[in-house]
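To keep things clear, I will list the structure first and then write my remarks on it.
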2 protein chains.
Amino acid sequence: MAVAARITIAEIAARAGVSAPTVSRVLNQRGDVAADTRERVEHLLAEHGYRRRGAPAPRPWTLIDLVFDDIDSPWALEVLRGVEDEAHGLGAGTVVSAVHGRAAERRRWLDNVRGRESGGAVLVTTGLDAALRAELQELRIPVVVVDPAGGADLGLPTVGATDWAGGRAATQHLLDLGHTRIAHVAGRPDLWCSRARLDGYRAALDAAGVDLDRDLVATGAFDYRSGFEVTSRWLADGAAPTAVFAASDQMALGVYEALRQTGRRVPDDVSVVGFDDLQEAQWSSPPLTTVRQPLDQMGRLAVRTLRRITDGEDVASPRVELATELVVRASTAPPRTA
Amino acid sequence: MAVAARITIAEIAARAGVSAPTVSRVLNQRGDVAADTRERVEHLLAEHGYRRRGAPAPRPWTLIDLVFDDIDSPWALEVLRGVEDEAHGLGAGTVVSAVHGRAAERRRWLDNVRGRESGGAVLVTTGLDAALRAELQELRIPVVVVDPAGGADLGLPTVGATDWAGGRAATQHLLDLGHTRIAHVAGRPDLWCSRARLDGYRAALDAAGVDLDRDLVATGAFDYRSGFEVTSRWLADGAAPTAVFAASDQMALGVYEALRQTGRRVPDDVSVVGFDDLQEAQWSSPPLTTVRQPLDQMGRLAVRTLRRITDGEDVASPRVELATELVVRASTAPPRTA
DNA sequence: CTGAAAGCGCTTACAG
DNA sequence: CTGAAAGCGCTTACAG
């Protein structure tokens with residue numbers, strides 16, 4: 001098996017029109033090289049993929065990076081499972097990091113990546129500003145974003161789910177059961193997926209000729225607490241809905257608890273639909289009707305996309321959405337009055 | 001700053017009483033070297049920490065490894081959070097792997113580790129047989145085990161929780177409320193922690209002069225399903241307990257659902273206590289009384305222990321147990337009859 | 001800031 | 001299976 005001949009310092013020197021020692025100085029970050037000489041040499045080194053003699057061939061795909069803002073939710077766990085399993089199958093380890101939306105922790109992660117190989121990074125709902133983009137570009141590793149934040153188009157491959165269709169399906173299910181006072185606890189407004197689910201909810205109401213009651217739409221943060229608080233407020237206002245569509249399973253569990261504390265039963269008094277289909281949806285009492293998004297598959301797809309970029313294949317679409325699916329369990333029923 | 005002079009092939013050769021080319025052959029894994037020569041040379045290379053000229057100095061603590069059998073439970077997520085945050089703070093990335101108890105996946109992980117640096121491995125409830133120990137020893141990375149499986153003493157530092165005391169506290173809490181028909185859903189029998197919780201349960205009953213009813217002790221697998229099934233069986237047998245202590249929060253949620261499906265309410269009809277204090281314990285309806293074990297702290301401690309081993313410090317105790325703590329929420333109350 | 005020369009560390013091709 | 005010799009790739013010390 002012929003190994004591609006490694007380019008040597010001498011060859012680089014010839015092409016750059018300098019001597020070997022000069023190339024050596026550039027390689028070893030010595031200060032005493034003219035700026036334009038250095039630039040010319042560095043460009044040639046990069047172009048020919050120069051590696052020093054003893055250095056082992058870089059093994060791409062020994063590691064990939066998975067970056068969350070936080071890993072405190074079961075949601076993150078599902079994505080991690082898919083990413084880890086897919087990467088493991090390709091022989092790569094998965095480096096998991098949580099940067100907590102803080103610049104210092106992001107920097108620490110970048111410093112860490114600089115000190116090793118990385119076959120690419122999967123960023124999960126992570127904000128991706130110009131500075132970070134520039135740094136990642138400098139590191140020359142491919143990047144895929146799962147559930148991107150809102151804002152300008154990233155110009156990067158992204159993976160998501162059919163959130164709009166899911167929001168519509170959840171709402172349609174409640175309409176089909178006979179509900180008309182359907183509340184919605186929306187998700188973090190900084191993420192596109194939240195807006196898509198909200199618009200799906202609106203579209204279903206529109207199509208059914210049900211007027212949107214603005215008092216029955218509130219914004220949560222995808223977590224248990226906000227589901228609890230929003231619902232408690234609705235119940236205290238006396239304008240209780242007969243059904244609640246929460247944009248995440250965790251918020252749906254908060255809705256459960258607010259209902260329980262006021263003596264209401266699910267689904268007898270109020271129907272509840274979640275979004276995600278975390279394992280927690282099955283573990284709740286009653287088991288939660290929800291919109292399944294294939295988070296593990298989204299993770300897998302992100303890894304495969306990184307791999308395709310590495311292999312130089314064209315990534316067909318910069319934005320892929322995997323299908324959502326309504327999973328009916330025991331938390332939804334016709335309204336009492338029907 | 002003086003850099004310790006790197007040992008050269010020539011020096012190794014002199015010490016081994018062979019020529020430089022022979023050392024080179026050993027280094028480059030050529031076949032044509034006598035077994036005893038190879039061994040002598042390899043020993044010297046290791047002893048003097050030989051590194052080839054161009055090779056960058058190894059940067060320990062760029063990465064550490066965290067190995068689970070499975071990462072499908074929120075339990076794993078809590079450990080991960082602690083490990084990741086502690087490692088991140090030390091500038092290291094956390095490589096997460098799930099080996100699913102399969103030799104092939106374990107091998108794949110080991111192959112991956114061989115191709116990069118690792119500052120050490122935290123094994124979580126992972127079986128650690130002689131073969132794996134030998135391989136890890138060969139890789140020369142420190143190892144710490146969280147919640148070790150039962151069986152022979154590992155001779156490795158381990159991190160756990162005061163499971164026995166936790167089991168006792170959970171049971172005592174139920175006794176204090178007036179319960180005497182207290183069932184126990186035990187955890188995976190292959191883990192020490194399960195046995196310790198069971199023994200704590202027994203000890204509390206003994207101390208209170210309550211006879212152990214063997215029919216009220218069943219073995220689960222720490223998961224939702226087994227909690228559900230064990231409880232359903234008890235209820236079907238007509239010998240229903242007035243309280244259930246489950247050895248994990250996930251099993252406790254299965255207990256909830258079995259009770260709900262038979263029209264029983266928590267805690268009015270049956271009290272339930274879990275173990276772990278996962279986030280899910282707060283998210284359940286009613287919020288679950290449980291024994292908190294500081295899983296994130298256990299993860300942090302495991303990382304700090306790896307670090308201490310790396311730094312050559314003595315690891316004071318091969319076995320550290322962090323304190324558990326009873327957290328009373330809304331799933332426990334006096335028995336109806338009391 | 002740069003190159004010609006010397007020299008180090010390692011590997012290869014050959015001989016036995 | 002091993003070594004003496006040759007040679008490659010790279011760096012260092014010196015000169016300008």
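A, B, ... follow the sequence lines: proteins, then strands. Residue 1 opens every chain. Predicted model only: the values in this text are computed from it and were never measured.
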Any Ser19(B) side-chain nitrogen or oxygen under 4.0 Å from OP1 or OP2 of dT2(D):
no

Along nucleotides 8-16 of chain D, 5' to 3', which nucleotides get a B, which get an S, and which get a -, given that the test is a protein heavy-atom distance under 4.0 Å?
BBSSBB---

DNA chain D: stems of at least 3 consecutive Watson-Crick or G-U pairs whose donor-acceptor distances fall under 3.5 Å:
C:1-3 with D:14-16, C:5-12 with D:5-12, C:14-16 with D:1-3

Let's see if you get this right: which residues in residues 32-43 of chain A place a heavy atom under 4.0 Å from DNA chain D?
none

Does His48(B) have any side chain to side chain contact (heavy atoms under 4.5 Å, CB included) partners at least two apart in sequence or in another chain, and if so, which?
Ile7(B), Ile12(B), Arg15(B), Leu44(B)

Looking at residues at least two apart in the chain, or sitting in another chain, which of them share a side chain to side chain contact (heavy atoms under 4.5 Å, CB included) with Glu313(A)?
Arg308(A), Asp311(A)

Using distance only, find each side-chain donor-acceptor pair of residues 32-42 of chain A under 3.5 Å and give its atom names and separation, not counting sequence neighbours.
from	atom 1	to	atom 2	distance (Å)
Arg38(A)	NH2	Arg30(A)	O	2.7
Arg40(A)	NE	Ala16(A)	O	3.2
Arg40(A)	NH2	Ala16(A)	O	3.0

Under the side chain to side chain donor-acceptor pair (under 3.5 Å) test, which residues partner Arg108(B), sequence neighbours left out?
none

Glu11(A): what forms a side chain to side chain donor-acceptor pair (under 3.5 Å) with it, not counting sequence neighbours?
Thr8(A)

Kindly write out the residues that satisfy side chain to side chain contact (heavy atoms under 4.5 Å, CB included) with Pro74(A), not counting sequence neighbours, or none if the list is empty.
Gln250(A), Leu278(A), Glu280(A), Glu280(B), Trp283(B)

Going by the salt bridge (charged side-chain N to carboxylate O under 4.0 Å, His left out) test, name the single residue among Arg140(B), Arg106(B), Arg114(B) that passes it with Glu135(B).
Arg114(B)

Could you give all pairs that pass the salt bridge (Lys or Arg N to Asp or Glu O under 4.0 Å) test and reach residues 89-105 of chain B, with sequence neighbours left out?
Arg102(B)-Glu105(B)

Got a sec, which residues hit side chain to side chain donor-acceptor pair (under 3.5 Å) with Asp65(A), two or more places apart in sequence or on another chain?
Trp109(A), Arg116(A), Ser118(A)

According to side chain to side chain contact (heavy atoms under 4.5 Å, CB included), who are the partners of Leu322(A), at least two apart in sequence or on a separate chain?
Pro294(A), Gln297(A), Met298(A), Leu301(A), Val320(A)

